[in-house]
Amino acid sequence: MESIKNKIKDKTSQILKYTMIISNLKNEVSNLEKERYLLCDHKLEYEIITSGPYREYGYVCNNCGYSTKYIV
């Protein structure tokens, strides 16, 4: 019975450890995407950004993939 409790504790701690690793990786990816957006020399083109019966159009950057519906 004690060994089962220890295994449960170990697996729970592993789950928490991996959850933190995933969270940190998501943050790193988000920061890299922000950096890519800021460093990009945007070349926006007007094209379809959604599919289906009610298509929406917007501006999409050919270099980094950033999209927006409106340009100021």
Side-chain angles (χ1 to χ4, degrees):
M1 191 67 171
E2 191 65 33
S3 66
I4 293 175
K5 286 182 181 180
N6 288 335
K7 283 184 181 180
I8 291 172
K9 219 182 255 188
D10 290 341
K11 298 300 179 182
T12 304
S13 67
Q14 280 183 346
I15 290 171
L16 292 174
K17 177 182 167 187
Y18 292 139
T19 303
M20 288 301 297
I21 290 171
I22 290 170
S23 176
N24 290 339
L25 289 174
K26 284 182 180 181
N27 289 336
E28 286 181 30
V29 168
S30 176
N31 290 338
L32 288 171
E33 287 175 347
K34 288 177 188 176
E35 186 177 341
R36 179 183 65 178
Y37 168 76
L38 292 174
L39 296 176
C40 182
D41 181 27
H42 297 296
K43 293 181 182 173
L44 300 172
E45 288 189 10
Y46 192 69
E47 57 186 56
I48 298 172
I49 57 174
T50 61
S51 62
Y54 303 106
R55 294 183 179 164
E56 294 182 12
Y57 292 84
Y59 296 92
V60 178
C61 177
N62 290 336
N63 295 333
C64 68
Y66 172 74
S67 65
T68 182
K69 287 187 179 182
Y70 309 104
I71 286 186
V72 177

*Asks:* Tell me whether Ile22 is reachable from Val29 by hopping between hydrophobic residues (I, L, V, M, F, W, Y) whose side-chain heavy atoms are closer than 4.5 Å.
*Replies:*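 Different clusters: Val29 never reaches Ile22 through Ile, Leu, Val, Met, Phe, Trp or Tyr contacts under 4.5 Å.
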*Asks:* Short question: side chain of Thr12, backbone of Ile8 - any donor-acceptor pair under 3.5 Å?
*Replies:*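 The answer is yes, because a donor-acceptor pair under 3.5 Å joins these two groups.
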*Asks:* For Leu44 and Tyr66, work out which heavy atoms get closest and say how close.
*Replies:*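 Heavy atoms of Leu44 and Tyr66 come nearest at CD2-O, 4.4 Å.
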*Asks:* Between NZ of Lys7 and CG of Asp10, what distance do you get to the nearest 0.5 Å?
*Replies:*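 It is 9.5 Å, given to the nearest 0.5 Å.
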*Asks:* Work out which heavy atom in Thr50 is nearest to a heavy atom in Glu56; give both atom names and the distance.
*Replies:*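 Smallest interatomic distance, heavy atoms only, reads OG1-N, 2.9 Å.
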*Asks:* Please report the closest heavy-atom contact between Ser67 and Val60, naming both atoms and the distance.
*Replies:*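 Heavy atoms of Ser67 and Val60 come nearest at CB-CG2, 3.9 Å.
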*Asks:* Locate the shortest heavy-atom distance separating Tyr46 from Tyr57; write the atom from each residue and the value.
*Replies:*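 Closest heavy-atom pair between Tyr46 and Tyr57: OH-CB, 3.2 Å.
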*Asks:* Roughly how far, to the nearest 0.5 Å, is CG of Asn24 from CD of Glu28?
*Replies:*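 The distance works out to 7.0 Å.
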*Asks:* Between Ser30 and Lys26 (side chain of the first, backbone of the second, donor and acceptor by atom type, cut-off under 3.5 Å), is there such a pair?
*Replies:*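 Side chain of Ser30 to backbone of Lys26: no pair is present.
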*Asks:* For His42 and Asn63, indicate whether the former's side chain and the latter's backbone hold a donor-acceptor pair under 3.5 Å.
*Replies:*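 It does not hold such a pair.
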*Asks:* At what distance, to the nearest 0.5 angstrom, does CG of Asn27 lie from CG of Leu32?
*Replies:*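 One finds 11.0 Å between CG of Asn27 and CG of Leu32.
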*Asks:* So, do Met20 and Lys17 sit near enough that their side-chain heavy atoms are less than 4.5 Å apart?
*Replies:*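 In short, these two side chains do not touch, never coming nearer than 4.5 Å.
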*Asks:* How about Glu35: does its CD atom have over 12 heavy atoms from other parts shown lying under 6.0 Å from it?
*Replies:*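 Open: at most 12 neighbouring heavy atoms sit under 6.0 Å from CD of Glu35.
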